[in-house]
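This report refers to the structure that appears directly beneath it.
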Amino acid sequence: MQTPTNLAVPLAAELRLPTSWLDYTILGIYFVVVLGIGFAARRSVKTSLDFFLSGRSLPAWITGLAFISANLAATEILGMAANSAQYGAYTVHWYWIGAIPAMVFLGLVMMPFYYGSKVRSVPEMLLLRFDKWAHLLSSLLFAFAAILIAGVNLYALALVVEALLGWPQWVAIVVAGAFVLAYITLGGLSSAIYNEVLQFFVILAALIPIVVLGLKKVGGWGGLTDKLTATHGSNFTSAWGGTGIGSANPLGANWLTIVLGLGFVLSFGYWTTNFAEVQRALSAKNLSAAQRTPLIAAYPKIFIVFLVMIPGLVAAALVPGFGTTKSGYQYNDAILYLMHGLLPNGVLGIAITGLLAAFMAGMAANVSSFNTVFTNDIWGRYVVKGREDGYYVRFGRLITVIGVCASVGTAFLASSFSNIMSYLQTLFSFFNVPMFVVFIIGMFWKRASVKSGFWGLLAGTVAAMVNYFVIYKQGIIDIPTDQGANFVSAMVGFAAGAVVMFAVSLFTEPKPAEELQGLVYGTTSPGMTEPPAPGDEAWYRKPALLGWGAVIIAAACYIPFSL
């Protein structure tokens with residue numbers, strides 16, 4: 001069993017960046033623009049629907065870019081670069097198996113249910129399909145997970161800024177938290193989404209120079225693979241090398257756990273039930289735009305893997321034993337190490353801004369989804385019911401403040417992981433996977449009873465936690481890596497939730513057929529049969545073509561990494 005190093009240990013001191021007035025000017029301009037977007041969006045917030053779902057008025061290209069930007073947080077950037085430095089080219093699985101198929105499934109199959117039912121959140125869907133107990137449990141679990149993940153972004157930001165710029169951790173936390181808090185409380189989801197579109201391009205501007213200069217430093221792709229093969233073995237630069245059952249590989253997982261644990265259970269659990277993502281699609285102006293949101297996002301997702309994987313590989317090639325105590329670096333230092341050694345002033349300012357933008361995008365996505373679920377699904381449904389609409393807008397702003405403050409407190413729970421992505425995948429196996437099994441069975445099986453939703457969700461969550469904290473952490477079963485343990489926990493949680501749902505359904509009553517319209521596959525609702533918008537005959541407006549195109553391109557990208 002792998003024992004990760006401590007994230008609370010300060011990043012390597014030599015990573016301090018030689019920043020100049022130009023770099024700080026670029027950073028300052030970005031923060032001014034962010035706040036300007038918040039003030040501009042404030043004028044459009046008149047109702048709770050405007051604050052929490054942008055009035056369901058945004059075009060598909062805006063929601064699509066916001067969808068991918070909300071996922072492209074700095075925890076993803078640092079975490080996937082760390083994954084690459086630690087595990088090699090196996091990182092491509094998180095994108096071409098662990099994202100694209102699930103994003104296509106969300107757009108083609110699940111968005112008609114979400115958008116057609118006019119729910120304001122993912123947990124509310126469980127209220128319609130099952131009962132209030134499944135709804136309340138899912139709301140509490142999601143709210144807790146959102147704060148944990150927002151805290152990861154904030155804590156990682158503090159460590160990075162302290163290492164790169166020399167700012168004290170509390171200064172970085174206060175500054176970033178204050179800016180996220182300001183533009184969300186001002187303009188609600190619209191402010192978060194428009195800032196995420198801006199942040200998407202800023203992040204690309206930060207990563208592309210790092211990748212180009214990093215490859216140049218190691219002699220191109222050929223030089224990179226030669227160095228890594230010599231130091232780490234041939235499997236390090238191959239997506240499927242050494243993944244036979246019983247074979248050893250850097251990832252510590254075989255093809256079965258990759259395909260089922262990551263490609264199906266973790267991937268579908270995250271992309272189809274994580275409200276921080278789905279919320280962007282629910283804000284689209286019509287069903288067609290909502291379906292196209294994750295499909296438009298799938299195309300940049302196919303290629304972003306190169307921008308986050310290559311820096312990790314380059315760092316592993318340049319520094320012997322990168323990520324080990326002997327090297328003086330953690331795996332999370334990969335991007336920062338290249339920023340320090342390769343980027344000139346000006347470009348360095350853009351890279352710093354991009355990294356901060358990524359942290360803020362990830363934190364904003366989780367905070368905005370947290371305030372929606374807590375206000376509508378917990379407070380408005382069970383605590384203070386039936387108040388005027390303006391009350392819930394005001395409470396939404398208040399709970400945003402509380403959520404940001406709480407994320408500061410939960411941030412330090414990530415301190416036992418040197419690989420941020422391992423921590424996030426652990427959270428997803430606990431919270432997203434059990435919710436996915438409840439959704440998928442309830443959506444495709446009419447006989448799933450009202451009570452089965454609550455017990456399936458509870459059983460899946462508990463089973464995943466027991467597998468990770470008891471069976472893996474106590475060494476009852478030897479699993480080589482944290483990531484491998486996450487894949488197994490996800491499969492255990494999925495299996496336990498499914499078995500309990502089937503068992504409970506056999507002894508309890510199903511929901512009446514007339515109450516399942518628009519909630520189970522094969523039934524329809526008025527929202528799911530809306531006429532197409534004008535111009536939807538164009539090929540790029542057809543969700544099926546967009547979705548299958550993304551799958552084909554992602555599958556084709558596997559070829560050079562599978563040889």
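Sequential numbering from 1 along the given sequence is applied to the chain's residues.
For K301, the salt bridge (charged side-chain N to carboxylate O under 4.0 Å, His left out) partners at least two apart in sequence or on another chain are E76. Shown here are the side chain to side chain contact (heavy atoms under 4.5 Å, CB included) partners of I97, two or more places apart in sequence or in another chain: H93, W240, Y558.
Here the closest non-hydrogen pair linking G107 and P112 is O-CD, 4.0 Å. Looking at every heavy atom in both residues, T375 comes nearest to G396 through OG1-CA, 3.5 Å. Of all non-hydrogen atoms in I193 and A66, the two that sit nearest each other are CG2-CB, 3.6 Å. Of all non-hydrogen atoms in S84 and L313, the two that sit nearest each other are O-CD2, 3.6 Å. The nearest pair of heavy atoms linking V433 to A490 is CG1-O, 3.3 Å. Contact between M103 and L295 at its shortest, heavy atoms only, is O-CD2, 3.9 Å.
M339 has its side chain within reach of I210: a pair of non-hydrogen atoms, C-beta onward, lies under 4.5 Å apart. Between V211 and I208, every side-chain heavy-atom pair lies at or beyond the 4.5 Å cut-off. In this structure, the side chains of L207 and I335 come closer than 4.5 Å at one or more pairs of heavy atoms. For the pair V122/F142, no side-chain contact is recorded, criterion being any heavy-atom separation below 4.5 Å from C-beta on. The shortest distance between side-chain heavy atoms of I553 and F303 falls below 4.5 Å. Inter-residue side-chain proximity for M111 and L282 is flagged as met; some heavy-atom pair is nearer than 4.5 Å.
A distance of 13.5 Å separates OH of Y30 from CD1 of I26, quoted to the nearest 0.5 Å. Considering CZ of F275 and OG of S139, their distance stands at 10.0 Å, rounded to 0.5 Å. From T272, atom OG1 reaches atom CG of L106 across 6.5 Å, with rounding to the nearest 0.5 Å. Distance check, rounded to the nearest 0.5 Å: CG of L140 to CZ of F374 gives 8.0 Å. Note that the CD1 atom of I304 and the CG atom of N71 stand 8.0 Å from one another [nearest 0.5 Å]. From F370, atom CZ reaches atom CD1 of I147 across 4.0 Å, with rounding to the nearest 0.5 Å.
No close placement of the F105 and F264 rings is indicated, their centers lying 6.0 Å or farther apart. Taking the six-membered ring for Trp and the full ring otherwise, the centers of Y299 and W61 sit at least 6.0 Å from each other. Between F113 and F439, the distance from one ring center to the other does not fall under 6.0 angstrom.
A donor-acceptor contact shorter than 3.5 Å is absent between the side chain of W94 and the backbone of A99. Here the side chain of D333 pairs a donor or acceptor atom with the backbone of Q330 at under 3.5 angstrom. A donor-acceptor pair under 3.5 Å is absent between the side-chain atoms of T273 and the main chain of Y270, judged by distance alone. Y90 contributes no side-chain N or O that, together with a main-chain N or O of N83, makes up a donor-acceptor pair within less than 3.5 Å. In this structure a side-chain-to-backbone donor-acceptor pair under 3.5 Å is missing from S69 to L65.
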Exercise for the section: Decide side-chain contact (heavy atoms from CB on, under 4.5 Å) for F487 and L266; before the verdict, give the C-alpha distance in whole Å, the side-chain angles of both, and the deciding distance to 0.1 Å. Expected result: CA-CA 7 Å; F487 298 163; L266 269 174; 3.6 Å; yes

Practice task
Give the intermediate values and the outcome of ring-ring contact (aromatic ring centres under 6.0 Å, His included) for residues W271 and Y95.
Solution key: CA-CA 12 Å; W271 290 104; Y95 290 77; 8.9 Å; no

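Inspection of the Y115 and Q291 side chains reveals no N or O donor paired with an N or O acceptor under 3.5 Å. Residues T372 and S121 bring no donor and acceptor atom of their side chains to less than 3.5 Å of each other.
Of the residues listed (L198, I203, V197), the one engaging F201 in a side-chain contact (heavy atoms from CB on, under 4.5 Å) is V197, and it is the only one.
Sequence neighbours left out, the pairs with a member in residues 348-371 that pass side-chain hydrogen bond (donor to acceptor under 3.5 Å, both in side chains) are R280-S368, N371-T400.
Relative ring orientation between F431 and F144 is described as perpendicular, the plane-to-plane angle rising above 60° on a 0-90° scale split at 30° and 60°.
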